[in-house]
Amino acid sequence: MKLHGYFTDNAIIQADKPFIIKGVTMPNSNVTATFKGQEEVSAYTVSDNDGNFKINFPKMKASFSSYDLSVFAGDDVFNAKDILFGDVYFTTGQSNMEYNLKYLEDNVKIFNAYSSPYLRIQRVPFVHLVWSDRGIVGSPTEFDDYTAPAKWVVSDDYQGLLDTTGFGFIFGGETFKKTKRPIGIVDSSIGGSSVENWYPREHQLNNSTITEYNSRAEIIDGLSRVGSIFTELVAPLFDFNFKGMLWYLGESNCWCDYDSLNYAKMTGDVIDIFRKRFNYDIPVALINITPFTTSPFGVNYVNEQMEELERTYKNVLSIPVYDLPARWKQDDGKRNYHPIHPTSKTLNAIRTADAFYNKFVINKSLIFPYIERVNKQDNYLIVTVKADKPLKSKDGKDIFGFTIAGEDNKYYVANAEILTENTLKVYSPAVLEPAKICYAFFTHNNECNLFSGNLPVKPFRSDKLTNVLDAKYFAIPNPVYTCNRKNTWISNASPLFGNTMFEHTWTASKFGYFDNVNVKVTDNGVEVKYTPDIKNFYYVGVSPNLTLPYVDNGLHAYKYLNVTVYSDKDVDFKGFLVQTTANFKYNFSVKDTLIKSGETKTFTIDLTSPAAMPNGSKVLTKDELINVFNAEFTFLPVTLNPGTIIIKKITLTD
């Protein structure tokens with residue numbers, strides 16, 4: 001006799017719902033199952049002609065008192081001990097859900113915070129799934145072998161937990177603290193999977209949305225990727241009840257805009273299929289994915305599609321995470337390597353646990369603040385936010401993250417002022433007739449700071465373009481333009497190498513000529529303190545991380561760069577020096593270069609004018625401007641006295 005792999009020592013069964021004991025034995029056998037604990041409960045059935053059986057039990061109350069299970073079929077006996085009844089969560093998705101506790105920062109501290117004999121995790125076993133150079137493959141046909149045993153790890157077992165889902169463990173620990181009920185986590189996530197992988201075979205082969213995906217689903221050594229994950233990691237669970245499902249997936253659907261813009265349809269299909277097979281509307285939490293550079297808006301599209309599912313589906317919740325610190329760490333401890341796998345999952349999991357509890361346990365109507373409507377008034381827009389606490393700037397600085405456009409679809413970074421507890425005035429001198437608006441809809445949008453209480457306002461765009469080619473109209477505003485941002489996520493030539501890091505927005509010379517500069521970001525702007533040195537030709541250089549190569553917000557999209565500068569000593573502004581990915585350097589000079597002591601002066605740099613280079617002057621093409629990845633403002637002190645320059649403001653205009 002074999003039982004479903006779910007039933008091993010330390011299992012947790014969903015309380016307050018009828019449940020089944022499922023297995024296989026000799027055909028037409030009498031099968032009895034008994035739970036012994038604070039009470040004794042038994043049930044009986046007869047196996048069918050193939051030996052399969054299901055024993056139906058009535059609902060049991062959640063309890064910290066454990067039960068021992070015994071199943072009898074003829075001379076066969078199956079035993080499992082220390083079984084609890086509580087709330088069980090089905091966690092699934094790709095690598096950020098699968099990401100083991102051992103890879104998380106401070107995993108010992110996390111273990112000490114949440115370990116409990118009443119929090120347990122089971123990894124759904126996969127026998128047929130394998131990786132190949134063509135992706136995930138598995139059994140070419142559906143199979144009904146659900147008896148592979150799956151170990152339940154009790155969360156006071158540190159070594160056992162290290163190879164289980166870190167996110168699921170933290171979520172379970174937070175939920176246990178809130179509900180004071182035993183918590184089970186059943187994890188079926190698998191790294192690298194896209195939403196297409198989670199369709200069952202019959203839906204994949206007849207779904208026009210994923211036709212292109214199906215064309216790559218060859219049979220390899222008798223195995224196929226089509227339906228393999230669904231068959232092995234999901235289908236065996238449909239006989240069980242769960243408190244909810246956590247879906248942490250999307251990174252593998254960000255690599256092309258087609259996948260991103262169809263994410264809601266495909267994920268909605270998967271939710272419908274799962275719910276039909278579960279036979280109830282299982283609550284679903286869709287964890288948004290963290291910013292990283294793929295296509296210019298891939299992450300934004302996927303997260304936006306999760307918002308759409310929240311609006312259109314019953315019992316679905318989208319969890320924004322763009323404001324959370326997403327740290328990445330190499331083996332040597334430097335947090336600057338992988339663009340997809342944050343090694344800190346604690347704040348994300350805590351937010352998900354809070355949101356799930358509020359939405360699906362205590363039935364709170366509003367979970368996250370969102371932009372409810374936008375009205376035009378004169379030459380500005382009035383934005384109304386649905387929120388249960390007053391709007392505020394998270395960091396006390398000016399509201400950052402809005403862009404607006406006229407009917408020409410040319411987006412500019414916009415100013416925003418809080419008017420009332422839930423309204424803002426949004427405007428830009430560059431847009432006299434605003435018609436469209438975006439908030440936090442750009443890569444690495446963690447600098448956006450509009451909050452209600454301790455929760456971020458969800459990203460928003462008023463113009464839902466359906467043609468991905470039109471995405472170029474959405475600027476990717478970079479926080480550096482506001483000057484008073486100390487840090488920002490930047491991509492280390494990400495389209496080329498895929499690395500991402502958290503860097504100072506402003507640094508001394510990127511090109512290495514000017515070592516006599518101390519740069520500090522203040523509320524007044526970028527403070528550049530210098531000591532002239534004849535060895536360095538008196539020059540002072542300061543570099544903003546202005547641009548990323550190949551993105552749509554670069555210098556190529558505008559005609560003028562405007563910079564406002566203050567100096568406490570006489571100094572010459574020598575221009576704007578840029579370097580392209582082809583390693584060419586160009587300098588845009590300005591007229592009337594002198595900034596007198598105590599003077600604030602604004603310079604306009606014509607990006608379409610000839611730029612000086614070692615061999616003369618050259619007008620940079622659009623492609624060359626797209627490929628700029630280093631930039632620098634350079635100054636020449638008039639005297640050898642130490643001085644301070646403050647860069648107060650930068651704008652790009654037509």
Side-chain angles (χ1 to χ4, degrees), residues 92-93 195 198 209 244-250 253-254 257-276 280-289 297-323 348 351-352 354-375 381-389 391 401-402 422-424 436-442 445 448 450-453 455-468 471 474:
T92 188
V195 64
W198 295 87
T209 307
M245 170 176 153
L246 308 184
W247 175 265
Y248 197 169
L249 183 144
N253 288 92
C254 286
D257 291 333
Y258 176 82
D259 268 6
S260 304
L261 289 170
N262 282 280
Y263 187 82
K265 182 184 187 314
M266 292 188 288
T267 304
D269 285 347
V270 170
I271 292 172
D272 287 338
I273 293 164
F274 284 16
R275 285 177 168 179
K276 184 176 181 181
Y280 66 99
D281 286 343
I282 183 172
V284 179
L286 303 171
I287 296 97
N288 290 188
I289 56 178
F297 298 99
V299 170
N300 296 284
Y301 287 142
V302 165
N303 290 337
E304 183 182 60
Q305 298 275 296
M306 294 189 203
E307 297 299 313
E308 180 179 329
L309 288 166
E310 177 179 322
R311 293 191 302 271
T312 56
Y313 271 66
K314 179 183 178 183
N315 291 340
V316 170
L317 179 62
S318 175
I319 315 291
V321 300
Y322 70 88
D323 63 301
N348 191 339
R351 176 172 289 177
T352 303
D354 288 345
F356 196 99
Y357 179 80
N358 287 331
K359 177 72 173 179
F360 300 122
V361 178
I362 65 174
N363 300 315
K364 186 178 177 181
S365 58
L366 177 66
I367 307 301
F368 294 102
Y370 62 91
I371 293 177
E372 189 175 29
R373 63 180 179 273
V374 179
N375 300 109
L381 299 173
I382 299 295
V383 175
T384 302
V385 178
K386 183 73 172 178
D388 57 7
K389 293 183 179 179
L391 295 176
F402 282 99
N422 70 328
T423 62
L424 303 99
K436 301 171 184 181
I437 187 170
C438 292
Y439 176 70
F441 199 84
F442 54 92
N445 52 0
C448 300
L450 181 59
F451 273 61
S452 166
L455 295 176
V457 173
K458 289 187 174 184
F460 173 84
R461 58 179 178 138
S462 61
D463 191 356
K464 302 295 193 295
L465 298 178
T466 56
N467 180 356
V468 297
F474 289 99

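Residue indices begin at 1 and follow the sequence shown. Any value given below was found using the heavy atoms of this structure, including those in side chains, with hydrogens, waters and symmetry copies removed.
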(request) Could you go through the side chain to side chain contact (heavy atoms under 4.5 Å, CB included) check for Phe402 and Phe460 one step at a time? (result) CA-CA 9 Å; Phe402 282 99; Phe460 173 84; over 6 Å; no
(request) Decide side chain to side chain contact (heavy atoms under 4.5 Å, CB included) for Leu286 and Leu309; before the verdict, give the C-alpha distance in whole Å, the side-chain angles of both, and the deciding distance to 0.1 Å. (result) CA-CA 9 Å; Leu286 303 171; Leu309 288 166; 3.8 Å; yes
Residue pair [X] / [Y]: nearest heavy atoms and the distance that separates them:
| X | Y | result |
| --- | --- | --- |
| Trp198 | Phe274 | O-CE1, 3.8 Å |
| Phe356 | Pro283 | CZ-CB, 4.0 Å |
| Pro369 | Val385 | CB-CG1, 4.1 Å |
| Arg275 | Ile282 | NH2-O, 2.9 Å |
| Tyr439 | Leu450 | OH-N, 3.0 Å |
| Asn288 | Pro320 | OD1-CA, 3.4 Å |

(message) Please evaluate residues Tyr313 and Ile271 with respect to the criterion side chain to side chain contact (heavy atoms under 4.5 Å, CB included), reporting the C-alpha separation (whole Å), side-chain torsions for both, the decisive distance (0.1 Å), and the verdict.
(response) CA-CA 9 Å; Tyr313 271 66; Ile271 292 172; 4.2 Å; yes
Answer yes if the side chains of [X] and [Y] hold a donor-acceptor pair under 3.5 Å, and no otherwise.
| X | Y | value |
| --- | --- | --- |
| Thr384 | Asn422 | no |
| Asn348 | Tyr248 | yes |
| Tyr322 | Asn303 | no |

(request) Could you check if a side-chain atom of Met266 sits within less than 4.5 angstrom of a side-chain atom of Asn253, using non-hydrogen atoms only? (result) yes
(request) Please examine the side chains of Phe451 and Val457, heavy atoms only from C-beta on, and report whether any two atoms are closer than 4.5 Å. (result) no
Say whether, by atom type as modelled, one donor and one acceptor occur between the side chain of [X] and the main chain of [Y] under 3.5 angstrom.
| X | Y | answer |
| --- | --- | --- |
| Ser452 | Leu391 | no |
| Asn375 | Val383 | no |
| Ser462 | Ile437 | yes |

Does the distance from a Lys or Arg side-chain N to an Asp or Glu carboxylate O, for [X] and [Y], drop under 4.0 Å?
| X | Y | answer |
| --- | --- | --- |
| Asp323 | Arg351 | yes |
| Asp269 | Lys265 | yes |
| Glu310 | Lys359 | no |

Hey, could you give me the [atom1]/[atom2] distance between [X] and [Y], rounded to the nearest 0.5 Å?
| X | Y | atom1 | atom2 | value |
| --- | --- | --- | --- | --- |
| Thr352 | Leu317 | OG1 | CG | 8.5 Å |
| Lys458 | Ile319 | NZ | CD1 | 7.5 Å |
| Lys364 | Asp354 | NZ | CG | 9.5 Å |
| Asp388 | Phe368 | CG | CZ | 11.0 Å |
| Leu249 | Thr267 | CG | OG1 | 7.0 Å |
| Tyr370 | Lys386 | OH | NZ | 5.5 Å |

(request) Go through Tyr263 and Val195 one step at a time and tell me if the side chain to side chain contact (heavy atoms under 4.5 Å, CB included) criterion holds. (result) CA-CA 8 Å; Tyr263 187 82; Val195 64; 4.3 Å; yes
(request) Let me know which of Gln305, Glu304, Glu307 forms a side-chain hydrogen bond (donor to acceptor under 3.5 Å, both in side chains) with Ser318. (result) Glu307
